[in-house]
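Everything below concerns the one structure shown next.
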Amino acid sequence: MTIAIVMLVGFVIASLIAASVLFTIRANATNKGQTQAFIAAESGRDVAMATMASCSATHFTGTDPTYDTTIYPYPDNTGDRPTSSNGLTAGCPTSSTDYVVIKSTGTGTGGSTVTIDSVYPWQVTYSQQPGGVVTYFSGGFTAGVAHYTGDLVLRDGNWACNIDGTLTGDLYVLEGTTSLSNNCVINGDIWSNGNVTSNSQAPKVYGDITTNGYASISSNGGALIDGSISAKGSTQASVTGSLTSRNSITVGTTWTARPARVRRTARPTRSSTPRSPG
């Protein structure tokens, strides 16, 4: 009788141990699938982050690991931070985007899935940072009969230069447009989010012009651009009067020239032939 009781107790204990082992094995298999799904979701998020600057696509998929990832910009000026991609429209971030939400779903073994929403602040910066003395302004700014030395950053509003105004440094117009007139001189580069225009006498820019809008140079006298012009968002561009540029100017089908007097200047070169005495 005692032996039978001992055998029964041992059988019960063995059954409990076997059930516990089976439960652990199944739990580990489930955890493995969820872990793989989470890693796959993170991989998709990292792929989206790597292409964010150029934004060549807004939707990404992968098979090893398996993920499905989408980019959602959040254009909000209240400072509120989104918590998920719910209600957002997929697309590329722009200069008005405050946050970017990346929604990524990963799939592991056994069909396990994990979805993550990663939220990142979005900031627009220039590839080249200003150096030296920097002056910041907010609101519209007009330079007239004045000489500023140092880089100038206009946070918002339009920038206008007239009546022989001179800026020795780089100009950054972060939100508005840039207008040059009446012998305005910029001894540096111009970065303008809006259009860069001139409609008066002989503006001179001793540097490059980069704009997200279009460039329109209309001058009563000779205009000088001692650098290159890059109009990224150009739907139109025009030159009225003569325009002189140190570098070459490429004129596309959306450019107009009235009259066609665009020319390129050549820098003088020193002759290698020795001069005869006397």
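For T66 against T63, the heavy-atom pair with the smallest separation is OG1-O, 3.1 Å. In terms of heavy atoms, V173 sits closest to W159 at CG2-CB, 3.8 Å. Scanning both residues, P75 and P73, for their nearest heavy atoms gives CD-O, 3.5 Å. Residues Y99 and P121 come closest through the heavy atom pair CD2-CA, 3.6 Å. Nearest heavy atoms, Y206 versus L224: CE2-CD2, 3.4 Å. Of all non-hydrogen atoms in S198 and P203, the two that sit nearest each other are OG-CG, 3.0 Å.
When side chains are defined from C-beta on, M49 counts as touching Y120, because their heavy atoms get closer than 4.5 Å. The side-chain heavy atoms of L171 and T178, taken from C-beta on, include a pair separated by under 4.5 Å. The closest side-chain heavy-atom distance from T113 to T107 is below 4.5 Å. With a 4.5 Å cut-off on side-chain heavy atoms, P65 and Q36 do not count as touching. Using a 4.5 Å heavy-atom threshold, the side chains of S104 and S118 count as separate.
To the nearest 0.5 Å, the span separating OG1 on T210 from CG on N193 amounts to 12.0 Å. Taken to the nearest 0.5 Å, the CG atom of N212 stands 11.0 Å off from the CG atom of L174. Atom SG in C161 sits 5.0 Å away from atom CD1 in I186 (nearest 0.5 Å). Remark: K204 NZ to N183 CG distance equals 6.0 Å, nearest 0.5 Å.
The side chain to side chain contact (heavy atoms under 4.5 Å, CB included) check on A57 picks up F60, with sequence neighbours excluded. The side chain to side chain donor-acceptor pair (under 3.5 Å) search around N195 returns none, not counting sequence neighbours. Under the side chain to side chain contact (heavy atoms under 4.5 Å, CB included) criterion, D117 pairs with S84, S85, V101, K103, sequence neighbours left out. Among residues two or more places apart in sequence or in another chain, the side chain to side chain donor-acceptor pair (under 3.5 Å) test is passed with T70 by none.
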Side chain to side chain contact (heavy atoms under 4.5 Å, CB included) evaluation trace for I190 with L180: CA-CA 11 Å; I190 296 177; L180 311 174; 4.2 Å; yes

Evaluation steps, side chain to side chain contact (heavy atoms under 4.5 Å, CB included), between T83 and V119: CA-CA 7 Å; T83 57; V119 182; over 6 Å; no

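No continuous path of hydrophobic side-chain contacts links I102 to V114 [ILVMFWY only; heavy atoms under 4.5 Å]. Linking ILVMFWY residues whenever their side-chain heavy atoms come closer than 4.5 Å, directly or via other members, leaves Y67 and I116 in distinct clusters.
Between the side chain of D208 and the backbone N or O of D189 there is no donor-acceptor pair closer than 3.5 Å. Here the side chain of N158 pairs a donor or acceptor atom with the backbone of T177 at under 3.5 angstrom.
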Would you mind writing out the side-chain donor-acceptor pairs for residues 37-47 within the sub-3.5 Å range, not counting sequence neighbours?
{"unit_1": "S43", "atom_1": "OG", "unit_2": "I39", "atom_2": "O", "d": "2.9"}

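The aromatic rings of Y172 and W191 lie parallel to each other, with less than 30° between the two planes, well short of the 60° mark.
Applying the side chain to side chain donor-acceptor pair (under 3.5 Å) test to residues at least two apart or on different chains, the pairs with a partner in residues 48-62 are H59-D68.
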